[in-house]
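One structure below.
The residues of the chain are indexed from 1 along the displayed sequence. Quick caveat: nothing in here was measured; it's all calculated off a predicted structure. Reckoned from all heavy atoms, side chains included, excluding hydrogens, waters and symmetry mates.
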Amino acid sequence: TVEEDDNDNVCESTGASSYTEYSTDVDLYIGVLSQAHTRDCARSFAEFPISAIPDGATISNTVFKSDVGALLSGGGACDIYNMEKQPSTATASVLFADAGNGTQFITSDAQCTSVGDNKSFDLGASADAIVQAHLTTDDWFGVGLKFTSESLDPLNAFLTYIVAEEGTGTPDPTLEITYTTASPPSAPLNPTLYINDTSQALFDWDAPTDCLNCGGYTVWNATNNSIIYNFTGSTTQYQLSGLTSGKILQ
């Protein structure tokens, strides 16, 4: 959770004199405080590692799930945004701004206005695409949460508590990703060795019919099970050099 706490009775995404991150709280909370309070408003964020998903997977659905554990003065509808900056490395002011700008996944969701378990927020196709992009770059995905309306009330504070790391929470904030992976391609076809001279040979093969656009191939030495060379792209031959006359190739 990050609070904007310069006490000017305005919830400011940027330009406030003070932002404070509360990284040890057991709850994520979002909302606005009364004008009499010394702090103005709060947003929260969650970062999830996604390295367990294979890089070549196709993402088809991304859902944020959590409990709403408590409300203050009725809470409020909430928005969910993409975190463009990695939360675990960003400053409090960057986190606060990032939790309320950029790609918006959820708008004015009423699930944040009532206490309950297993709230489910389908983040939509834009989240699927962003998760897909993160798979091959940095293996994390983050969401930012805020009230749809962040106008301060003269007398009342409005807060929603998203339960995190609490024993009775079912579940703690969770990212549920549905994805599929492609079947591995068939083996390369027609491997052929062309002897050039006593020290060189050309190894040639055809791409399997079910993988004409394979990402690459690996040539290895079967005698000692060591990789000779890794290819990327559609190359289907390799020049072997430094061979010894009369030695059997495997």
Side-chain angles (χ1 to χ4, degrees), residues 45-65 80-90 94 98 101-105 122-144 173-250:
F45 57 87
E47 177 184 335
F48 300 95
I50 56 174
S51 57
I53 302 174
D55 287 351
T58 300
I59 308 301
S60 57
N61 202 33
T62 306
V63 179
F64 176 72
K65 293 184 174 182
I80 301 181
Y81 285 81
N82 175 51
M83 295 296 287
E84 297 178 352
K85 307 297 183 182
Q86 187 167 10
S88 55
T89 61
V94 169
D98 202 15
N101 63 20
T103 302
Q104 188 171 359
F105 301 138
D122 190 324
L123 302 183
S126 56
D128 301 341
I130 291 171
V131 171
Q132 189 88 54
H134 275 293
L135 288 179
T136 55
T137 54
D138 41 28
D139 281 332
W140 66 270
F141 176 76
V143 295
T174 301
L175 189 69
E176 183 180 278
I177 297 174
T178 303
Y179 65 91
T180 55
T181 56
S183 299
S186 302
L189 303 171
N190 304 317
T192 306
L193 191 67
Y194 300 95
I195 306 299
N196 294 340
D197 54 42
T198 58
S199 63
Q200 296 185 71
L202 181 67
F203 183 46
D204 183 89
W205 64 93
D206 295 332
T209 57
D210 58 354
C211 193
L212 297 178
N213 296 309
C214 285
Y217 301 89
T218 298
V219 179
W220 77 93
N221 185 331
T223 300
N224 58 18
N225 200 32
S226 63
I227 293 176
I228 296 175
Y229 198 78
N230 279 319
F231 291 96
T232 56
S234 59
T235 299
T236 56
Q237 60 178 220
Y238 177 68
Q239 181 73 49
L240 297 163
S241 59
L243 304 179
T244 303
S245 179
K247 185 175 181 180
I248 297 174
L249 291 173
Q250 296 186 47

Could you check whether any side-chain heavy atom of [X] comes within less than 4.5 Å of a side-chain heavy atom of [Y], counting everything from C-beta outward?
{"X": "Ile195", "Y": "Leu243", "result": "no"}
{"X": "Tyr179", "Y": "Val131", "result": "no"}
{"X": "Thr236", "Y": "Asp206", "result": "no"}
{"X": "Val219", "Y": "Trp205", "result": "yes"}
{"X": "His134", "Y": "Ile50", "result": "yes"}
{"X": "Leu123", "Y": "Phe141", "result": "yes"}
{"X": "Ile130", "Y": "Thr62", "result": "no"}

Can you tell me how far the [atom1] atom of [X] sits from the [atom2] atom of [Y], to the nearest 0.5 Å?
{"X": "Ile80", "Y": "Phe45", "atom1": "CD1", "atom2": "CZ", "answer": "15.0 Å"}
{"X": "Met83", "Y": "Thr103", "atom1": "CE", "atom2": "OG1", "answer": "12.5 Å"}
{"X": "Asp98", "Y": "Asn82", "atom1": "CG", "atom2": "CG", "answer": "7.0 Å"}
{"X": "Leu240", "Y": "Leu202", "atom1": "CG", "atom2": "CG", "answer": "8.0 Å"}
{"X": "Asp122", "Y": "Phe105", "atom1": "CG", "atom2": "CZ", "answer": "11.0 Å"}
{"X": "Thr137", "Y": "Asp55", "atom1": "OG1", "atom2": "CG", "answer": "9.0 Å"}

Side-chain donor/acceptor of [X] to backbone N/O of [Y], under 3.5 Å:
{"X": "Ser126", "Y": "Gly124", "result": "no"}
{"X": "Glu176", "Y": "Val63", "result": "no"}
{"X": "Ser60", "Y": "Thr178", "result": "yes"}

Which atom pair, heavy atoms only, marks the closest approach of [X] to [Y]?
{"X": "Ala187", "Y": "Pro208", "result": "O-CB, 3.6 Å"}
{"X": "Leu193", "Y": "Ala201", "result": "CD1-CB, 3.9 Å"}
{"X": "Ser88", "Y": "Glu47", "result": "N-OE1, 2.8 Å"}
{"X": "Glu84", "Y": "Trp140", "result": "O-CH2, 3.9 Å"}
{"X": "Asn101", "Y": "Tyr81", "result": "O-CD2, 3.2 Å"}
{"X": "Ala57", "Y": "Leu135", "result": "O-CD1, 4.1 Å"}

Check ring pair (Phe, Tyr, Trp, His ring centres under 6.0 Å) between Tyr238 and all other residues, then give those that pass, not counting sequence neighbours.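 Listed in chain order: Tyr229, Phe231.
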
Please report the C-alpha distance between Tyr217 and Thr235 in whole Å, then the side-chain angles of each, then the deciding distance to 0.1 Å, and finally whether the side-chain contact (heavy atoms from CB on, under 4.5 Å) criterion is met. CA-CA 8 Å; Tyr217 301 89; Thr235 299; over 6 Å; no

Ser199: partners by side chain to side chain donor-acceptor pair (under 3.5 Å), with sequence neighbours left out: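 For Ser199 the side chain to side chain donor-acceptor pair (under 3.5 Å) partners, ignoring immediate neighbours, are Asp197.
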
